[in-house]
Amino acid sequence: MSEDEWLQAEFDRVARAVAFDENADAVLILPEAEEAGREVAALVGVEGGLREAARACWEDLCILQRNRAGDHVLTGGAVAFPTDWRLVDKIGLKLTAVHAPIHGYAEQLAAGVDHFFRTLAPGPIYGRSNWFVVASDVWRYMPVDDPADRFAHVDAANVGSTLFLRSERQTLRRLPQTDAVLFTIGIAVKPLGALSSGAVRKIANDIASTATGEHERRAAPFYAGALAGYARRRAEEPTKCC
């Protein structure tokens, strides 16, 4: 992607400030990441380090640096809007350990991701997207309740207003001065009722085909049936014209 596409131009600065003010562990920086944090701040256009940079953009910011063995380690993070993970549990870990909860990551994805990080050069900015179906539109999605209780109110009739698509717009770039990798995560949340019937159908199909293990990690067994019923109903609705 281009430099102009890298970060979201307009965003809710109050929501960012509140998240950081109310959560002291939303920013963690190991000593070796301080210089990279200052480079990130300059890239975003503010003075200071990672703390200041994260308040000046919508995206959460994570710094990864090579250790002596050449493995990339999470050495700094400013994460206001996590999706069911805690920065304190990930800081100081290598990539595979950071992604440990993802079923199949170590066996199927780790080698490719490690290669991408090792060969990533300064200059290009790469982007990808990730998404989840959740039962809340809060920016900090950190559920502690039982999934059975969390989705108990969801049925095929109300999915449009009770389930939300939580999207992560992710980017990766190598910082030219410190050689660190900057990983950004921009959150967007919409109720499923605000999406097209085609988008809802695709989401329902993808959830239904998610592999065992990851299916459970995403709490899909507690809403997949209702979502499938909602998708079928949306598909049967007459197309509105004009």
Side-chain angles (χ1 to χ4, degrees), residues 1-30 33-34 36-64 74-91 98 125 127-145 150-151 153-154 158 160-173 175 180-195 199 203 218-219:
M1 60 177 58
S2 70
E3 194 74 42
D4 290 341
E5 297 172 307
W6 178 43
L7 299 178
Q8 184 173 320
E10 302 295 330
F11 61 94
D12 188 341
R13 294 178 182 272
V14 173
R16 292 290 286 175
V18 169
F20 286 121
D21 290 343
E22 294 183 350
N23 298 276
D25 61 352
V27 181
L28 294 175
I29 309 167
L30 299 183
E34 291 287 357
R38 289 189 287 272
E39 186 176 4
V40 172
L43 199 60
V44 173
V46 297
E47 295 184 357
L50 193 63
R51 295 176 185 275
E52 290 73 25
R55 289 174 179 259
C57 61
W58 180 248
E59 290 77 4
D60 289 336
L61 308 173
C62 294
I63 293 172
L64 299 107
L74 178 62
T75 56
V79 184
F81 305 143
T83 302
D84 199 16
W85 65 281
R86 300 170 68 239
L87 180 59
V88 68
D89 296 333
K90 308 288 187 180
I91 196 75
V98 167
I125 306 171
R128 68 180 297 271
S129 62
N130 191 22
W131 57 266
F132 305 84
V133 173
V134 297
S136 170
D137 61 353
V138 297
W139 292 122
R140 285 181 62 85
Y141 187 72
M142 299 290 288
V144 295
D145 57 341
R150 191 182 319 149
F151 294 97
H153 63 295
V154 176
N158 65 18
S161 59
T162 59
L163 290 184
F164 301 82
L165 180 70
R166 183 179 178 90
S167 174
E168 296 182 343
R169 181 180 181 271
Q170 304 173 352
T171 75
L172 283 162
R173 67 189 301 173
L175 302 179
V181 171
L182 176 61
F183 176 56
T184 73
I185 311 166
I187 297 295
V189 183
K190 278 191 175 183
L192 294 192
L195 305 180
I203 292 167
R218 292 176 176 244

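Quick caveat: nothing in here was measured; it's all calculated off a predicted structure.
- Remark: the backbone N or O of Asp25 is not paired with any side-chain donor or acceptor of Asn23 at under 3.5 angstrom.
- Minimum heavy-atom separation, Leu28 to Leu87: N-CD2, 3.6 Å.
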inquiry  = With side chain to side chain contact (heavy atoms under 4.5 Å, CB included) as the criterion, how do Val18 and Trp139 come out once you've worked through the C-alpha distance, each side chain's angles and the decisive distance to 0.1 Å?
reply    = CA-CA 11 Å; Val18 169; Trp139 292 122; over 6 Å; no

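- The distance from atom CG of Asn130 to atom OG1 of Thr83, rounded to the nearest 0.5 Å, is 8.0 Å.
- For Arg218 against Phe132, the heavy-atom pair with the smallest separation is NH1-CD2, 3.3 Å.
- By the side chain to side chain donor-acceptor pair (under 3.5 Å) test, Ser129 pairs with no residue at all, sequence neighbours left out.
- Remark: side-chain polar atoms of Lys190 are not paired, donor with acceptor, to backbone N or O of Leu165 under 3.5 angstrom.
- More than 12 non-hydrogen atoms from other residues, nucleotides or ligands lie less than 6.0 angstrom from CD of Glu3.
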message = Under the criterion side chain to side chain contact (heavy atoms under 4.5 Å, CB included), I'd like the reasoning laid out for Val189 against Phe81: C-alpha separation, chi angles, the key distance, then a yes or no.
response = CA-CA 11 Å; Val189 183; Phe81 305 143; over 6 Å; no

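- Expressed to the nearest 0.5 Å, how far CG of Leu175 lies from CZ of Arg38 amounts to 13.0 Å.
- A distance of 13.5 Å separates CZ in Phe183 from CD1 in Ile63, rounded to the nearest 0.5 Å.
- Taking CG of Leu7 as the reference point, atom OG1 of Thr184 lies at 6.0 Å (rounded to 0.5 Å).
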task = Test Val98 against Trp85 for side chain to side chain contact (heavy atoms under 4.5 Å, CB included), laying out the working first.
result = CA-CA 10 Å; Val98 167; Trp85 65 281; over 6 Å; no

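- Distance check, rounded to the nearest 0.5 Å: SG of Cys62 to CD1 of Ile185 gives 5.0 Å.
- Closest approach of Ala56 and Val46 over heavy atoms only: CB-CG1, 3.5 Å.
- Note that CD1 of Ile125 and CG of Asp4 are 9.0 Å apart. Values are rounded to the nearest 0.5 Å.
- For the side-chain contact (heavy atoms from CB on, under 4.5 Å) with Ile187, the lone residue among Arg140, Gln8, Arg166 that qualifies is Arg166.
- With sequence neighbours left out, Arg150 forms a side chain to side chain donor-acceptor pair (under 3.5 Å) with Asp145.
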Stepwise side chain to side chain contact (heavy atoms under 4.5 Å, CB included) check, Leu163 with Phe151 = CA-CA 9 Å; Leu163 290 184; Phe151 294 97; 3.7 Å; yes

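- Among all heavy-atom pairs drawn from Leu195 and Ala199, the shortest one is CB-CB, 4.2 Å.
- The heavy-atom pair separating Ala54 from Ala78 by the smallest distance is CB-CB, 3.3 Å.
- Annotation: side-chain hydrogen bond (donor to acceptor under 3.5 Å, both in side chains) contacts involving residues 52-63, sequence neighbours excluded, comprise Arg16-Asp60, Asp21-Arg55.
- The two residues Gly48 and Ala41 make their nearest non-hydrogen contact at O-CB, 3.5 Å.
- A donor-acceptor contact shorter than 3.5 Å is absent between the side chain of Asp137 and the backbone of Phe164.
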